[in-house]
Amino acid sequence: MQFETLPGFREFYPDACARRNHVFGRWRQVARAFNFLEYDAPVLEPLELYIEKSGEEIVGQLFNFEDRGGRAVALRPEMTPSLARLIGAKANSLKRPVKWFNIGEHYRYERPQKGRLRAFYQFNVDIFGEPGPSADAELIALLCQTLQSFGLNSEDFKVRLSDRDLWLLMLAAEGLDASGSAAVLGIIDKLERTERGTIIEKLAVILGDAAEKFLGRIEAAIAIRTFSELRSYIECLPLEGDLASQAQARISDWQQLLRHLEAAGAGDFVQIDLGIVRGLAYYTGFVFEAFEASGEGRALAGGGRYDALIKKLGGPDMPAVGFAMGDVTLMDLLDSRGRMPAYVQRPDFIVIIGGEAERDAALGDAAQLRSVGYQVEYPLKSQGFGKQFKAANQSGARLALIYGEDELSRGLVKVRDLASGHELEIGRDQLLQRAPSLLEGGFENETE
RNA sequence: GUGGUAGUAGCUCAGUUGGUUAGAGCACUGGUUUGUGGUACCAGGGGUCGCGGGUUCGAGUCCCGUUUACCACCCCA
């Protein structure tokens with residue numbers, strides 16, 4: 001019986017594992033640089049957790065089953081509900097702001113295609129307890145720095161920045177109520193990939209004859225790229241009373257956010273683009289998505305503010321903002337930009353053993369080097385010198401340690417720099433002490 | 001869930017109008033070789049030609065189904 005990997009799942013042979021760990025390493029490094037703390041949560045959760053957040057429809061997209069105890073469970077398709085539970089349970093004792101991150105595998109039962117698999121890794125970064133735009137700025141800056149840490153620059157990616165609060169004000173100014181606004185946001189979300197005629201038909205259901213003119217005003221808003229355009233657009237909205245003061249406050253939030261981003265060095269990457277609203281209704285304020293600079297392909301990362309979600313999932317009132325970055329789209333981009341380093345995993349030392357008589361001495365020295373952290377390889381079976389030297393060269397090791405009858409009889413080991421071919425004999429008892437300088441390549445001058 | 005394209009060795013591929021026992025390069029293993037260089041020489045292992053059915057004297061090749069992958073749609077937390 002020949003077994004195959006399940007659709008949409010990947011195997012990580014050592015090369016692929018090294019690539020994956022490179023990505024994880026950068027994610028973790030940047031998150032720590034911003035002083036986010038790493039947490040983790042179960043991979044398997046009650047199905048109800050996801051239904052509560054996303055509705056019954058989500059079940060069709062999950063790996064779910066009943067466990068032996070009759071519980072309906074699902075592999076996690078995202079981290080946010082678990083995180084909301086963790087936060088909710090300890091909200092009152094956590095020092096704010098709470099800045100946490102996670103790197104973990106997630107599972108979605110969807111048709112695999114470019115940039116999307118059924119099992120994938122996500123970098124989740126969230127801030128809780130800070131309602132102001134400085135938290136949004138912190139996260140977006142972290143997002144930009146993460147992508148930069150892979151060697152990507154403003155030619156490679158952009159972060160498109162939008163604001164659902166602002167949309168709600170704009171739609172209120174159009175006279176729409178909450179449900180009408182939600183429906184229109186759903187349409188805006190799909191604007192780029194829908195034909196104009198279809199859009200107008202859909203809008204007409206909500207707005208009747210005014211649909212086409214209304215679409216024109218939406219398009220004008222989406223075309224906004226600068227803060228001054230945005231400010232005058234907001235100031236011209238026909239709003240009164242409370243709504244008008246909300247609009248004023250929003251202008252000042254935008255101003256703060258953009259100033260912080262500029263100051264944090266993320267200014268070159270951020271693009272005002274109200275065309276982003278993000279599919280899910282739980283986002284409440286600023287939302288953003290990172291894309292390859294041409295706008296092609298799937299989003300590299302996406303996130304935004306979700307101030308109401310913790311409470312909805314049973315926690316206290318707790319403002320929140322977060323984003324997630326997937327490994328699949330990211331690695332595709334890094335590959336296409338030649339930014340995925342070809343990691344060669346190679347030992348520091350490779351031991352060459354003349355014969356069985358010399359093996360014990362060689363293994364003893366190898367064990368010492370290993371115990372202090374050097375990467376040391378030796379042949380598990382007896383082989384001729386010729387084969388061993390060939391293997392040593394192919395291994396990519398820095399240095400070969402040669403244990404022959406002659407050397408051992410004099411208490412020595414021969415060290416060979418496999419790159420240069422230089423050789424040197426040293427006392428076995430000096431090996432540990434001299435290992436650092438030998439690896440530094442500082443022994444050409446000592447060559448005999 | 002819908003559609004398009006594809007599937008021959010671990011990898012990249014060849015395989016004639018349907019005709020003997022399905023090939024090459026790379027990789028792998030062993031040897032030449034118990035003292036030295038990546039690309040030397042020799043040998044070897046490895047395939048139910050994705051899977052199932054059909055047509056045929058005969059199928060890697062033609063037909064049908066199915067599965068997987070890639071790509072697009074739906075969806076995208």
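Sequence lines set the chain letters: A, B, ... in the order given, protein chains first and strands last, and positions in each chain run from 1.
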Between A:N124 and A:Y39, do the side chains contain a donor N or O and an acceptor N or O under 3.5 Å apart?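 Short answer, no.
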
Scan side-chain atoms only and decide if A:Y50 and A:N64 contain a donor-acceptor pair under the 3.5 Å cut-off.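 Absent: no donor and acceptor within the cut-off.
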
So does A:R108 get a side-chain nitrogen or oxygen closer than 4.0 Å to the phosphate oxygens (OP1/OP2) of B:C76? no

Need one value for [X]: base, sugar-phosphate or nothing, where a base atom within 4.0 Å counts as base even if backbone is also close, heavy atoms only.
X: A:Q122; value: nothing
X: A:E57; value: nothing
X: A:R116; value: base
X: A:R76; value: nothing
X: A:Q394; value: sugar-phosphate
X: A:I352; value: nothing

[options]: which one has an atom nearest the side-chain heavy atoms of [X]?
X: A:K387; options: B:G37, B:G31, B:A77; result: B:G31
X: A:P112; options: B:C70, B:C74, B:U36; result: B:C70
X: A:P7; options: B:C76, B:A77, B:A69; result: B:A69
X: A:R111; options: B:U36, B:A72, B:C76; result: B:A72
X: A:L62; options: B:G35, B:A77, B:C74; result: B:A77
X: A:Y283; options: B:C76, B:U36, B:A77; result: B:A77
X: A:K53; options: B:A77, B:U36, B:C71; result: B:A77
X: A:K414; options: B:C74, B:A77, B:G35; result: B:G35
X: A:Q61; options: B:A40, B:C75, B:C70; result: B:C75

A:F120 six-ring face occupied by A:R20 cation (under 6.0 Å, within 45°): no

Would you call A:R118 and A:E105 a salt bridge, taking side-chain N to carboxylate O under 4.0 Å as the test?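 A:E105 and A:R118: not salt-bridged.
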
Ion pair A:R305/A:D136, N-O distance below 4.0 Å: yes

Quick one: [X] [atom1] to [N] [atom2], roughly how many Å, whole number?
X: A:K390; N: B:U39; atom1: NZ; atom2: P; result: 7 Å
X: A:Q383; N: B:U34; atom1: CD; atom2: P; result: 11 Å
X: A:E425; N: B:U36; atom1: CD; atom2: C1'; result: 14 Å
X: A:D332; N: B:C70; atom1: CG; atom2: C1'; result: 12 Å
X: A:F120; N: B:C75; atom1: CZ; atom2: C1'; result: 13 Å
X: A:N393; N: B:U39; atom1: CG; atom2: C1'; result: 13 Å
X: A:Q113; N: B:A69; atom1: CD; atom2: C1'; result: 13 Å
X: A:R118; N: B:A69; atom1: CZ; atom2: C1'; result: 12 Å

[N] to [M] separation - [atom1] atoms, rounded to the nearest Å:
N: B:U21; M: B:G15; atom1: C1'; value: 15 Å
N: B:A40; M: B:U36; atom1: C1'; value: 15 Å
N: B:A59; M: B:A22; atom1: C1'; value: 13 Å
N: B:G50; M: B:A14; atom1: P; value: 14 Å
N: B:U20; M: B:U16; atom1: P; value: 11 Å
N: B:C63; M: B:G45; atom1: P; value: 36 Å
N: B:U33; M: B:A24; atom1: C1'; value: 29 Å
N: B:C62; M: B:C74; atom1: P; value: 34 Å

Please indicate whether A:E356 has more than 12 foreign heavy atoms, meaning atoms of other residues, nucleotides or ligands, lying under 6.0 Å from its CD. yes

Could you tell me how the ring of A:F63 sits relative to the ring of A:Y109: parallel (under 30°), tilted (30 to 60°) or perpendicular (over 60°)? perpendicular

What do you reckon, do A:F385 and the base of B:U34 stack, with centroid distance below 5.5 Å and planes below 30°? no

Which nucleotide, in any strand shown, forms a Watson-Crick or G-U wobble pair with [N], with both distances under 3.5 Å?
N: B:U16; value: none
N: B:G47; value: none
N: B:U32; value: B:A40
N: B:U61; value: none
N: B:C73; value: B:G1
N: B:G25; value: B:C11

For A:F389 and A:G386, take the nucleotide of RNA chain B holding the closest heavy atom to each; which residue's nucleotide lies nearer the 5' end?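 Here A:G386 is the residue nearer the 5' end.
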
Of A:L418 and A:E78, the one whose closest RNA chain B nucleotide lies more 5': A:L418

Which atom of A:S162 lies closest to which atom of A:L274, heavy atoms considered: OG-CA, 3.4 Å

Of all heavy-atom pairs between A:L418 and A:L399, which one has the smallest distance, and what is that distance? CD1-C, 4.0 Å

Strand-adjacent residues in residues 294-316 of chain A, judged by heavy atoms under 4.0 Å from RNA chain B: A:R298

Could a donor-acceptor pair under 3.5 angstrom be found where the side chain of A:E423 meets the base of B:U36? yes

Heavy-atom donor-acceptor pair, A:E110 side-chain to B:G1 base, under 3.5 Å: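 Result: no qualifying N/O pair found.
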
Using only atom types and a distance under 3.5 Å, with no angle test, would you say the side chain of A:R32 pairs donor to acceptor with the backbone of A:F36?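 Answer holds: yes.
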
Main-chain N/O of A:G421 paired to A:D417 side chain as donor or acceptor, under 3.5 Å: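 No.
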
